[in-house]
Amino acid sequence: MQCNATQNREDFFMAFELPDLPYAHDALASKGMSKETLEYHHDIHHNTYVTTLNKLIDGTEWADKSLEEIIKGTYDSGAVAQSGLFNNASQHWNHTQFWEMMGPGDNSVPGALEKAIVEAFGSFDKFKEDFAAAGAGQFGSGWAWLVKDTDGSLKVTKTENGVNPVCFGQTALLGCDVWEHSYYIDFRNKRPAYLSNFLDNLVNWENVASRM
């Protein structure tokens, strides 16, 4: 999100800010994501992306652009490695969505969302199996996604590093961070266990449904 204007020198630009978590740091602890993980992940990792992004856009053509405009404008589909500007913008966007996609409340899935997922994947369990497999199978760092594609269909995808559905014109309904800093404190190197816990206990399905 883009927030209040700041003036670091003579240049005037809209600086991005770290959003507050939608819940307390310890709110997900009973569901498998510890206070320590959120303190490191949100307060340090996400904050670093925001701070670095603001430094990179200050005084450039991107200083008055939205986050989505920066992501789309700097993504290079033919590159093996993306630019620092893209990486920090995309990871700021990814994490802002990620916090909202989780919650400490009820895990029930709204009926309309469940119906759409069953129609797309055959069953809700098959969707979870595909999503977990995408996350576990992402080599190195990256994300697993449930997206609404440009044709309106629901698909499970995976992306490397900070690449996200915005790059492809897709709507992100659910995303799971599979960088190690997202799960190592709580699950060590057991990424599949982290993914299963994410789907079973952490997802705010009401938020997912609201993105349809």
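Side chains are part of it too, since the values below use all heavy atoms of this structure and drop only hydrogens, waters and symmetry mates. Quick note: residue numbers are just sequence positions, from 1.
Between the side chain of E160 and the backbone N or O of Q138 there is no donor-acceptor pair closer than 3.5 Å. In terms of modelled atom types and a separation under 3.5 Å, the side chain of K35 and the main chain of A29 share no donor-acceptor contact. Here the side chain of E100 pairs no donor or acceptor atom with the backbone of Q97 at under 3.5 angstrom. Side chain of D58 to main chain of N54: no donor-acceptor pair is present (N/O by atom type, distance under 3.5 Å, no hydrogens or angles). Panel note: side chain T37, backbone I185; no donor-acceptor pair is recorded below 3.5 Å. Remark: side-chain polar atoms of N204 are paired, donor with acceptor, to backbone N or O of N207 under 3.5 angstrom. A distance-only check finds no donor-acceptor pair linking the side chain of S153 to the backbone of D149 [under 3.5 Å].
How far CG of L199 is from CD of E129: 11.5 Å, rounded to the nearest 0.5 Å. Atoms OG1 and CG, from T51 and L18 in turn, are 8.0 Å apart once rounded to the nearest 0.5 Å. Separating the NE2 atom in H92 from the OG1 atom in T48 is a distance of 12.5 Å, to the nearest 0.5 Å. Summarising the geometry, atom CG belonging to L85 is positioned 14.5 Å from atom NZ belonging to K55; distances are rounded to the nearest 0.5 Å. In this structure, the separation between CH2 on W62 and CD1 on I57 is 10.5 Å, given to the nearest 0.5 Å. In this structure, CG on L195 lies 12.0 Å from NZ on K128, to the nearest 0.5 angstrom.
M212 places a side-chain heavy atom less than 4.5 Å from the side chain of L154. Residues R191 and Y183 are in side-chain contact: their nearest non-hydrogen atoms beyond the backbone lie under 4.5 Å apart. The shortest side-chain heavy-atom distance between S182 and Y194 falls under the 4.5 Å cut-off. The side-chain heavy atoms of T52 and L56, taken from C-beta on, include a pair separated by under 4.5 Å. Residues C167 and I71 have side chains in contact (heavy-atom distance under 4.5 Å, counting atoms from C-beta outward). In this structure, the side chains of V147 and L173 stay at 4.5 Å or more apart for every pair of heavy atoms. At least one side-chain heavy atom of Y23 sits under 4.5 Å from a side-chain heavy atom of L38. Inter-residue side-chain proximity for V163 and F86 is flagged as met; some heavy-atom pair is nearer than 4.5 Å.
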Open item on the list: Using the rule given for side chain to side chain contact (heavy atoms under 4.5 Å, CB included), can you reason through Q170 versus K148, listing the C-alpha separation, both sets of side-chain angles and the distance that settles it, and then say yes or no?
Closed with: CA-CA 6 Å; Q170 300 167 326; K148 183 164 67 172; over 6 Å; no
Task: Candidate pair M33 and N197, rule side chain to side chain contact (heavy atoms under 4.5 Å, CB included), full reasoning - done: CA-CA 9 Å; M33 185 170 284; N197 183 72; 5.9 Å; no
- [ ] Take V203 and M102 through the test side chain to side chain contact (heavy atoms under 4.5 Å, CB included) and record every step on the way to the result.
- [x] CA-CA 4 Å; V203 177; M102 296 186 292; 5.9 Å; no
- [ ] Applying side-chain hydrogen bond (donor to acceptor under 3.5 Å, both in side chains), run through N164 and S90 and close with a yes or a no.
- [x] CA-CA 7 Å; N164 61 43; S90 63; 4.8 Å; no
TODO: Would you check, one step at a time, whether the test ring pair (Phe, Tyr, Trp, His ring centres under 6.0 Å) holds for F121 with F131?
DONE: CA-CA 11 Å; F121 297 95; F131 189 95; 9.5 Å; no
- [ ] Report the C-alpha separation of H181 and Y40 in whole Å, then their side-chain angles, then the decisive distance to 0.1 Å, and conclude whether the side chain to side chain contact (heavy atoms under 4.5 Å, CB included) test is met.
- [x] CA-CA 8 Å; H181 60 239; Y40 274 97; over 6 Å; no
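Each of W179 and Y184 belongs to its own hydrophobic cluster when Ile, Leu, Val, Met, Phe, Trp and Tyr are linked at side-chain heavy-atom distances under 4.5 angstrom.
With salt bridges taken as basic N to acidic carboxylate O contacts below 4.0 Å, none links R211 and E206. Between K31 and D200, none of the side-chain N atoms (NZ, or NE/NH1/NH2) sits under 4.0 Å from a carboxylate O, so this pair counts as no salt bridge.
For the residue pair S108 and D106, a side-chain donor N or O sits within less than 3.5 Å of a side-chain acceptor on the partner. N47 and D43 are not linked by any side-chain donor-acceptor pair at a separation below 3.5 angstrom, with hydrogens and angles left out of the test. Checked by atom type, the side-chain pair N94/Q91 shows a donor-acceptor distance below 3.5 Å. With 3.5 Å as the limit, one finds no donor-acceptor pair spanning the side chains of N161 and S141. Checked by atom type, the side-chain pair H95/H41 shows a donor-acceptor distance below 3.5 Å. Counting only N and O atoms by type, the side chains of D20 and H42 include no donor and acceptor under 3.5 Å apart. Residues T159 and W145 bring a donor and an acceptor atom of their side chains to less than 3.5 Å of each other. Between the side chains of E68 and W93, at least one donor N or O sits under 3.5 Å from an acceptor N or O.
Classified by interplanar angle (parallel below 30°, tilted 30° to 60°, perpendicular above 60°), the ring pair F127/W205 is perpendicular.
For the residue pair F198 and G175, the shortest heavy atom distance occurs at CZ-O, 3.5 Å. The shortest heavy-atom contact between G32 and F187 is O-CE1, 3.5 Å. Between H46 and P19, the shortest heavy-atom distance links the atoms CE1-CD, 3.8 Å.
The aromatic ring centres of Y49 and F16 sit 6.0 Å or more apart.
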